[in-house]
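The block underneath contains the structure these notes are about, expressed in structure tokens.
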Amino acid sequence: MNAVEQIQQKVKSAIHEAILLAKLTEEENIPAIMLETPRNKENGDYATNIAMQLTKIAKKPPRAIAEAIVEHIDKESGSIESIDIAGPGFINITLKKDYLQEVVKTVLDQGAEYGRSNAGNGEKIQVEFVSANPTGDLHLGHARGASVGDSLSNVLDFAGYDVHREYYINDAGSQIDNLALSVEARYFQALGENKEIPEDGYHGQDIIDIAGKLVEEFGDKYKNMPEKERYEFFRDYGLKYELEKLKTDLENFRVPFDNWFSESTLYGSGKIENAMNKLRENGHIFEEDGATWFRSTTFGDDKDRVLIKKDGSFTYITPDIAYHEDKIQRGFDKLINIWGADHHGYIPRMMAAIEALGYEKDKLEVIVAQMVHLYKDGERMMMSKRTGKAVTLRELVEDVGLDAVRYFFVMRSGDTQMDFDLDLAVSESNENPVYYAQYAHARISSILRQSKELDLHPSAENAALLTAEREIDLLKKIGDFPQVVADAARMRAPHRVATYIQELAATFHSFYNAEKVLDPENRELSEARLALITATRTTIANALKLIGVSAPEKM
RNA sequence: GUCUCAGUAGCUCAGCUGGAUAGAGCAACAGCCUUCUAAGCUGUGGGUCGGGGGUUCGAAUCCCUCCUGGGACGCCA
């Protein structure tokens with residue numbers, strides 16, 4: 001428990017005791033006491049609405065209840081400086097500031113670990129994200145999914161969950177067939193022959209590159225090979241190439257995975273059949289029109305779903321059901337899937353499958369990474385995987401810069417559509433929010449470099465000197481960080497970290513302009529402030545790391 | 001048509017388990033560099049929280065309904 005949590009606990013206990021002392025109600029009737037930070041600083045450090053909540057139980061008007069609580073509260077045990085009543089019955093509490101000064105020491109002690117908590121109690125969570133088909137480049141939507149998924153995983157880990165990151169490779173099914181045929185067509189084209197790309201084939205530059213490599217390496221060796229052999233070779237070669245490219249691109253995007261799970265390994269392992277058998281035993285399978293169906297409507301889906309097509313092959317969902325069962329059997333408490341907007345309608349049937357297999361529906365949580373619209377020169381840029389004119393992740397990073405891309409994608413809640421303004425992201429100006437936080441970090445780094453020349457060193461010993469308004473604001477903001485991370489994890493909302501970073505940077509910049517840190521005439525205050533800005537820098541760096549953005553020493 | 005997500009300042013968006021006068025950035029306007037990085041700070045203006053009902057001491061937040069927009073509705077993946 002950190003300094004802030006401790007003080008909140010103290011305050012809550014003091015209020016709790018006061019309620020009992022004032023004989024407002026019995027122990028078991030006291031609701032959970034909520035402390036909130038008032039918008040307006042003049043309303044104290046914390047406020048509680050407990051008096052309003054007690055009106056029905058105590059059968060008294062809220063202000064009378066508030067007065068009774070205030071009268072009976074033990075200020076000493078709650079570290080309370082002052083307490084008063086406002087509005088309809090809010091109790092506003094101003095605290096003694098010594099606990100805040102402790103924050104500096106905590107941060108300096110914990111360093112890169114500051115902000116980590118055990119809020120998640122080691123709950124085992126698997127996050128599956130990106131999972132783009134290995135048939136082309138990652139585009140804008142995948143970039144968003146990758147940013148959100150990686151940041152969420154980092155946040156969960158920091159908040160004390162046991163996180164496992166996984167990429168599901170769709171390396172079986174008809175899209176792989178199309179990949180093989182597309183490579184084949186490009187291969188023949190590279191040899192100067194006229195061969196059309198299949199209707200559902202892939203037109204991206206990457207396929208042309210693969211064909212080029214094949215010709216370079218093997219010449220026309222595969223031109224006259226038996227069709228089946230050639231097909232398999234092109235399929236495997238294409239897959240390997242695409243997969244390597246995905247891995248490299250994601251690595252460069254600072255998105256690591258613990259596991260790359262191959263769909264094709266489900267075939268032949270019996271897992272698909274096992275899952276199907278289980279559904280059948282539970283009575284959720286039927287045959288109709290020569291196909292095998294899953295009666296998903298039993299669990300609230302719109303329609304029943306085909307599992308085995310008339311031609312004997314599986315639909316997309318069949319191995320996916322087996323995959324999800326496999327994940328559950330690997331012992332995860334929770335599965336979080338991050339899916340693209342186009343898979344939105346897929347959620348009810350997957351949930352239905354989880355239930356039909358006999359698991360709790362809420363084992364699975366799906367986060368939809370909504371559509372991204374790219375704007376340049378004020379105009380919307382269209383994208384399409386099929387035409388090959390899509391804006392790829394790689395191009396985006398080259399144009400905009402890694403930090404800006406990561407930051408832009410995670411600063412908005414992932415489940416709402418967003419506009420990505422390329423001009424804004426590229427601009428190295430004050431219009432660009434990504435530099436704001438990095439600039440704060442660089443500014444602090446600069447001061448710390450200069451402090452050494454003056455032989456001044458950060459010291460939390462004199463933290464009690466940090467009493468100026470901007471210093472208190474900064475201390476409070478730094479103290480909030482562990483709770484911000486825990487909330488972001490609980491709500492699966494990594495964008496909260498980005499919002500926090502902006503607030504923290506703003507609080508620092510404001511402090512910077514109001515107070516001078518380095519003053520050789522006042523070494524004690526200087527060293528206390530150096531400790532304060534060191535703690536600030538650590539907090540900014542830790543927060544930026546969670547969202548995959550670098551923290552530069554100089555800008 | 002059904003399902004689903006959204007609608008908050010000129011623009012892009014925050015807003016927790018319902019709380020006090022609804023916030024931030026950008027844009028606009030007015031100031032601040034002989035002082036640790038002006039990619040910064042300070043201040044001003046800007047709102048029927050899509051409309052209408054309801055729940056309650058209290059609603060941007062919860063419920064109903066309507067309007068508008070996106071997305072999904074395949075024996076594709």
Side-chain angles (χ1 to χ4, degrees), chain A residues 32 34 36 38-40 43 47-49 52-53 55-56 61-62 86-90 92 133 135 170 172-176 178 200 288-293 300-303 305-317 320 340-348 368 370-371 373 375 411-413 415-421 424 427-440 442-451 454 456 483-484 487-488 490-491 493 495-496 498-499 502-503 505-506 508-519 526 529-530 533 554-555:
Chain A
M34 301 293 182
E36 57 183 65
R39 272 184 210 292
N40 193 336
N43 290 330
T48 178
N49 62 351
M52 277 95 100
Q53 292 190 339
T55 46
K56 280 188 182 142
F90 288 100
N92 291 337
N133 287 344
T135 54
N170 292 115
S174 60
Q175 78 280 7
I176 296 306
N178 286 320
D200 292 324
E288 198 172 286
D289 298 333
T292 303
W293 296 68
D301 194 10
D302 293 355
K303 298 171 186 167
R305 306 295 170 179
V306 170
L307 294 181
I308 301 175
K309 298 183 238 175
K310 215 181 287 182
D311 68 4
S313 63
F314 296 130
T315 59
Y316 176 75
I317 196 173
D320 210 14
D342 51 339
H343 282 59
H344 195 144
Y346 194 75
I347 298 171
V368 175
Q370 285 288 358
M371 303 245 305
H373 295 150
Y375 284 79
M411 74 178 174
R412 301 294 178 223
S413 170
D415 56 14
T416 57
Q417 297 165 47
M418 72 174 282
D419 294 336
F420 193 113
D421 185 339
L424 177 61
S427 74
E428 294 194 6
S429 74
N430 60 339
E431 294 171 35
N432 191 336
V434 73
Y435 295 114
Y436 189 74
Q438 292 187 317
Y439 184 52
R443 254 185 167 174
I444 295 171
S445 302
S446 171
I447 299 172
L448 291 174
R449 281 193 295 272
Q450 290 169 63
S451 70
L454 295 168
L456 289 166
Q483 191 62 50
V484 168
D487 287 345
R490 180 173 52 84
M491 300 179 71
H495 74 277
R496 280 169 175 271
T499 305
Q502 288 297 304
E503 291 169 0
F508 167 73
H509 285 309
S510 186
F511 159 79
Y512 175 90
N513 277 272
E515 313 288 350
K516 193 154 159 64
V517 175
L518 300 176
D519 178 7
S526 293
R529 285 182 172 163
L530 281 170
I533 65 168
K554 283 183 185 173
M555 283 175 77

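Labels below follow one simple rule: chain letters A, B, ... track the order of the sequence lines, proteins then strands, and each chain is numbered from 1.
- Here A/K303 reaches the OP1 or OP2 of B/G74: one of its side-chain N or O atoms lies under 4.0 Å away.
- Atom-to-atom, CE of A/M418 to C1' of B/G70 comes out at 15 Å; the value is rounded to the nearest Å.
- With C1' as the reference atom, B/U17 and B/U12 are 28 Å apart, rounded to whole Å.
- Counting non-hydrogen atoms under 4.0 angstrom, A/K554 reaches a base of the nucleic acid.
- Taking every side-chain heavy atom of A/D419 into account, B/U12 is the closest of B/U12, B/U37, B/G69.
- Going from atom NE2 of A/H495 over to atom C1' of B/G25 covers 15 Å, rounded to whole Å.
- Side chain to side chain, A/S446 and A/Q450 meet the donor-acceptor criterion of an N or O pair below 3.5 Å.
- Regarding A/N513, its CG atom lies at a distance of 18 Å from the P atom of B/G31, rounded to whole Å.
- Taking atom CD on A/Q370 and atom P on B/U12, their separation rounds to 17 Å, with Å as the unit.
- Between A/T315 and B/C76 there is no side-chain polar atom (N or O) within less than 4.0 angstrom of OP1 or OP2.
- The distance between atom CE of A/M411 and atom P of B/A14, rounded to the nearest whole Å, is 10 Å.
- Relative to the side chain of A/Y439, the nucleotides B/A39, B/A14, B/C76 differ in distance, and B/A39 lies closest.
- Among the protein residues, A/D342 comes within range of the sugar-phosphate backbone only, with heavy atoms under 4.0 Å from sugar or phosphate atoms but none that close to a base.
- For the C1' atoms, the distance from B/A20 to B/C5 is 32 Å, rounded to whole Å.
- Along RNA chain B, the nucleotide nearest to A/S413 and the one nearest to A/K309 differ in position, and the one closer to the 5' end is contacted by A/S413.
- A salt bridge is absent between A/D519 and A/K516: the closest approach of a Lys/Arg side-chain nitrogen to an acidic carboxylate oxygen does not fall below 4.0 angstrom.
- Nearest nucleotide to the A/H343 side chain, out of B/C41, B/C13, B/A77: B/A77.
- Formation of a donor-acceptor pair under 3.5 Å by the A/T48 side chain with backbone atoms of A/M34 is found in this model.
- The distance from atom CG of A/D301 to atom P of B/A72 is 17 Å, rounded to the nearest whole Å.
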#### Entry: Intra- and interstrand pairs of RNA chain B - dot-bracket, Watson-Crick/G-U under 3.5 Å, | marks other strand
(((((((..((((.....[...)))).(((((.......))))).....(((((..]....))))))))))))....
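- Listed nucleotides B/G70, B/G40, B/A39 differ in distance to A/Y435; the shortest reach to its side chain belongs to B/A39.
- Here, B/A59 and B/C49 have their P atoms 12 Å apart, quoted to the whole Å.
- The nucleotide whose nearest atom lies closest to any side-chain atom of A/K516 is, among B/C75, B/C36, B/G70, B/C36.
- Among the protein residues, A/A341 comes within range of the sugar-phosphate backbone only, with heavy atoms under 4.0 Å from sugar or phosphate atoms but none that close to a base.
- No engagement by A/Q483 is indicated, since no non-hydrogen atom pair under 4.0 Å with the nucleic acid exists.
- Distances shown here put a side-chain N or O of A/R443 below 4.0 Å from the OP1 or OP2 atom of B/A38.
- Taking the C1' atoms as reference points, B/G70 lies 28 Å from B/C75, given to the whole Å.
- Cation-pi geometry between A/R443 and A/F508 is not met: the NZ or CZ atom fails to fall both under 6.0 Å from the ring centre and inside 45° of the normal.
- The side chain of A/R412 approaches B/C13 more closely than any other nucleotide in the set B/G70, B/A77, B/C13.
- Each of B/C5, B/A77, B/G40 was ranked by its minimum atom distance to the side chain of A/Y346; first place goes to B/A77.
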Please write out the pairs of protein N or O atoms and N or O atoms of nucleotides 16-23 of chain B separated by less than 3.5 Å, giving the distance to one decimal.
unit_1: B/C16; atom_1: O4'; unit_2: A/R496; atom_2: NH2; d: 3.1
unit_1: B/G19; atom_1: N7; unit_2: A/N49; atom_2: ND2; d: 2.6
unit_1: B/A20; atom_1: N6; unit_2: A/N92; atom_2: OD1; d: 2.7
unit_1: B/A20; atom_1: N1; unit_2: A/N92; atom_2: OD1; d: 3.0
unit_1: B/A20; atom_1: N1; unit_2: A/N92; atom_2: ND2; d: 3.1

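- Among the protein residues, A/D415 comes within range of the sugar-phosphate backbone only, with heavy atoms under 4.0 Å from sugar or phosphate atoms but none that close to a base.
- Atom C1' of B/G18 sits at a distance of 44 Å from the matching atom of B/C76, rounded to the whole Å.
- Between the P atom of B/C26 and the OH atom of A/Y436 lies a distance of 8 Å, rounded to the nearest Å.
- Remark: the A/T135 side chain and the A/N133 side chain contain no N/O donor-acceptor pair separated by less than 3.5 Å.
- Here B/C41 is in the anti range [glycosidic angle more than 90° from 0].
- Spacing of C1' atoms, B/C16 relative to B/G23, comes out at 14 Å, to the nearest Å.
- In this entry the distance linking CZ of A/F420 with C1' of B/C11 reads 17 Å, nearest Å.
- In terms of position along RNA chain B, the nucleotide closest to A/H344 lies nearer the 5' end than the nucleotide closest to the other residue of the pair A/W293 and A/H344.
- Residue A/K310 places its side chain closer to B/C75 than to any other of B/C75, B/G40, B/C13.
- Contacts of A/S313 with the nucleic acid, taken as non-hydrogen atoms under 4.0 Å apart, are absent.
- For the segment residues 444-451 of chain A, the set of residues with a heavy atom within less than 4.0 Å of an atom of RNA chain B comprises A/S446, A/I447, A/Q450, in numerical order.
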